[in-house]
Amino acid sequence: MKRSGSAVWKGGLKDGKGSISTQSGVLSNTQYGFNTRFEGGPGTNPEELIGAAHAGCFSMALSAQLGEAKLTAESIRTTATVTLEKIGANFSITAVHLDLVAKVPGASRQAFETTANNAKAGCPVSKLLNAKITLDAKLES
């Protein structure tokens, strides 16, 4: 399986503008630029998209891990917070923190933590990132 995304950039770093599109068309010429990345302007940015991809991938990986433990989630809610830091002259994604709240009928705390940690380690996006990945997992009753 292969999926693609594309970007077009016009202009300089601070005054330029770009657009991002995905093969599926979910994103189509979506605006991004210096102001959306560093100044909170309207549009998206690469870190936000990585966070969404990581949250989605992790949630699916957790569902798979729960299935292997004969458990089914009623709900899995994940937020991935991506940290972008300037190190020397360059920027790097140094960390991703996953906040998870899940409702899993019949799951013990231990089984939930084991499946969540296995999902964090096994999620393809987790494996892709060269960053410290942390997890706070809350099991709702």
What salt bridge (charged side-chain N to carboxylate O under 4.0 Å, His left out) pairs are there with at least one residue in residues 31-56, not counting sequence neighbours?
->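 Residue pairs passing salt bridge (charged side-chain N to carboxylate O under 4.0 Å, His left out), neighbours aside: Arg37-Glu47.
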Can you give the donor-acceptor pairs under 3.5 Å from side chains of residues 14-24 to other protein atoms, not counting sequence neighbours?
residue, atom, partner, partner atom, Å
Asp15, OD1, Gly12, N, 3.0
Ser21, OG, Asn29, N, 2.8
Thr22, OG1, Ser24, OG, 3.4
Thr22, OG1, Val26, N, 3.4
Thr22, OG1, Leu27, N, 3.1
Gln23, OE1, Ser4, N, 2.9
Gln23, OE1, Ser4, OG, 3.4
Ser24, OG, Val26, N, 3.2

Drop me the distance from [X]'s [atom1] to [Y]'s [atom2], to the nearest 0.5 angstrom.
X      : Y      : atom1 : atom2 : result
Lys120 : His54  : NZ    : NE2   : 9.0 Å
Glu68  : Ser63  : CD    : OG    : 10.5 Å
Gln65  : Cys123 : CD    : SG    : 11.0 Å

Indicate whether any N or O donor in one side chain lies under 3.5 Å from an N or O acceptor in the other, for Ser59 and Thr78.
->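 On atom types as modelled, these side chains qualify, holding a pair under 3.5 Å.
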Side-chain contact, heavy-atom cut-off 4.5 Å: [X] with [Y]?
X      : Y      : result
Thr36  : Thr44  : no
Val101 : Glu140 : yes
Ser75  : Arg77  : yes
Ser92  : Glu85  : no

Could Glu74 and Lys103 be called an ion pair, given the rule that one side-chain N must be under 4.0 Å from one carboxylate O?
->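 A salt bridge is present here (some side-chain N lies under 4.0 Å from a carboxylate O).
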Residue pairs fulfilling ring-ring contact (aromatic ring centres under 6.0 Å, His included) with at least one residue in residues 121-141, sequence neighbours excluded =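 Output for this query is empty, none listed.
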Listed once per pair and sorted, the ring-ring contact (aromatic ring centres under 6.0 Å, His included) pairs that draw on residues 119-141, sequence neighbours left out |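 Non-adjacent pairs meeting ring-ring contact (aromatic ring centres under 6.0 Å, His included): zero.
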Please write out which residues are connected to Phe58 in a hydrophobic cluster, directly or through intermediates, given that two of Ile, Leu, Val, Met, Phe, Trp, Tyr count as joined at side-chain heavy-atom separations below 4.5 angstrom.
->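 Leu13, Phe34, Phe38, Ile50, Leu62, Leu66, Leu71, Ile76, Val82, Leu84, Phe91, Ile93, Val96, Leu98, Leu100, Val104, Phe112, Val125, Leu129, Ile133, Leu135, Leu139, which link up through side-chain heavy atoms under 4.5 Å apart, make up the rest of the cluster.
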Cluster partners of Ile87, using ILVMFWY side-chain heavy atoms under 4.5 angstrom, listed by chain and number?
->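 When side chains under 4.5 Å apart are linked, Ile87 ends up in no cluster with other residues.
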Go through the steps for Asp136 and His97 under the test side chain to side chain contact (heavy atoms under 4.5 Å, CB included), then give the verdict.
-> CA-CA 8 Å; Asp136 283 333; His97 179 73; 3.1 Å; yes
Looking at Ala80 and Gly51, what are the two nearest heavy atoms and their distance?
->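 For Ala80 and Gly51, the tightest heavy-atom pair comes out as CB-O, 3.3 Å.
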Which pair of non-hydrogen atoms, one from Ala119 and one from Ala61, has the smallest distance, and what is that distance?
->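 Closest heavy-atom pair between Ala119 and Ala61: CB-C, 3.8 Å.
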